[in-house]
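First listed ligand is number 1; within each ligand, the first listed atom is number 1.
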Amino acid sequence: MALTDLLAWVPSGSPDEALARRIDADRLPAHVAIIMDGNGRWAARRHLPRVEGHRAGIEAVRDVVETSARLGLRVLTLYAFSVENWKRPATEVGTLMTLLKRYLRLEIDALTKNNIRFNVVGRREGLAPDIQHELGSAEQRTSSNTGTIFNIALNYGGRAEIVDAARRALTAGLTPDQLDEQQFARFLYTAGQPDPDLLIRTSGELRVSNFLLWQIAYAEIWVTDTLWPDFRRRHLLEAIIDYQKRDRRYGGINQPALAGR
Ligand code: FPP
């Protein structure tokens, strides 16, 4: 898909169309990663139980996944459940898992229609067998899709991923002198994918929260006060417009400054 698919989808004359037209299709971030935060606060502001925030968050997931596919992003990663989230009350954890299952059942056709490949990143073996089954089936049904890869981070921790990668590298028999950054990245959950160019966090918190620690080394960070259930297409477009204004130097200096020497 491409920007034209997005423009065909957004209502003509709407503010979202104006935003979409400001995006430079040749300089899209290859990979956008999102820390979806603020579901609990969204619910609290409405005097609702926390789980209602998660339920409302599904609509934001749907909108962002479809927008990413229509824009033609190569990878979208959503942080849905961390290794630390098991500390939450069992009822909240149970609801999150039920919502995930329901989301997959309801959205699998839309994922397929939009040529999206669904992929799980995290310690999936720590999830309940029925959830693992549902995830595996969604991965399988979308495995031949060639568009956006939708990574869902589940039972995910950045440090856990690095430890898992180190274990896999050792198991594969890599010797210390064979190991460099490129070789190591082959053992991460995201092997073969570009690193995130843009990391978005909702609800105004200025933390990385153990998310894609290796991969975000040079990511541009965009934080919004918007709570996740209120996040929509226009916020993603705003983040990308802002990203396209940034001067990415990867620890070097920018090209005009270099030319001036
Ligand atoms: C953080 O908000 C959000 C989560 C821990 C879960 C995110 C899950 C969803 C949006 C729904 C399920 C996802 C999919 C893909 C089906 P919080 O509860 O920490 O909010 P708070 O900081 O305001 O308490």
What are the atom names and distances for all N or O pairs under 3.5 Å between ligand 1 and the protein?
from	atom 1	to	atom 2	distance (Å)
ligand 1	2 (O)	Gly38	N	3.4
ligand 1	2 (O)	Asn39	N	3.3
ligand 1	18 (O)	Arg50	NH2	2.7
ligand 1	18 (O)	Arg88	NH1	2.9
ligand 1	19 (O)	Asp37	OD1	3.4
ligand 1	19 (O)	Arg88	NH2	2.8
ligand 1	20 (O)	Gly38	N	3.4
ligand 1	20 (O)	Asn39	N	3.1
ligand 1	20 (O)	Gly40	N	3.0
ligand 1	22 (O)	Asp37	OD1	3.1
ligand 1	22 (O)	Arg41	NH2	2.9
ligand 1	23 (O)	Gly40	N	3.3
ligand 1	23 (O)	Arg41	N	2.8
ligand 1	23 (O)	Arg41	NE	2.8
ligand 1	24 (O)	Arg50	NH1	3.0
ligand 1	24 (O)	Arg50	NH2	3.3

Open item on the list: Using the side chain to side chain donor-acceptor pair (under 3.5 Å) definition, which of the options Lys101, Arg105, Arg102 pairs with Glu134?
Closed with: Arg105
- [ ] State whether a side-chain donor-acceptor pair under 3.5 Å links Trp214 with Asp195.
- [x] no
TODO: Could you label the plane-to-plane angle of the Tyr156 and Tyr79 rings as parallel, tilted or perpendicular, counting under 30° as parallel and over 60° as perpendicular?
DONE: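 Correct class here is perpendicular.
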- [ ] Kindly compute the distance separating CG (Asn151) from NE2 (His31), expressed to the nearest 0.5 Å.
- [x] 5.5 Å
Task: Student check: side-chain heavy atoms of Leu100 and Phe81 closer than 4.5 Å - done: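 No - every pair of side-chain heavy atoms lies 4.5 Å or more apart.
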TODO: Answer yes or no: is there a donor N or O on one side and an acceptor on the other, between the side chain of Gln244 and the main chain of Arg27, under 3.5 Å?
DONE: yes
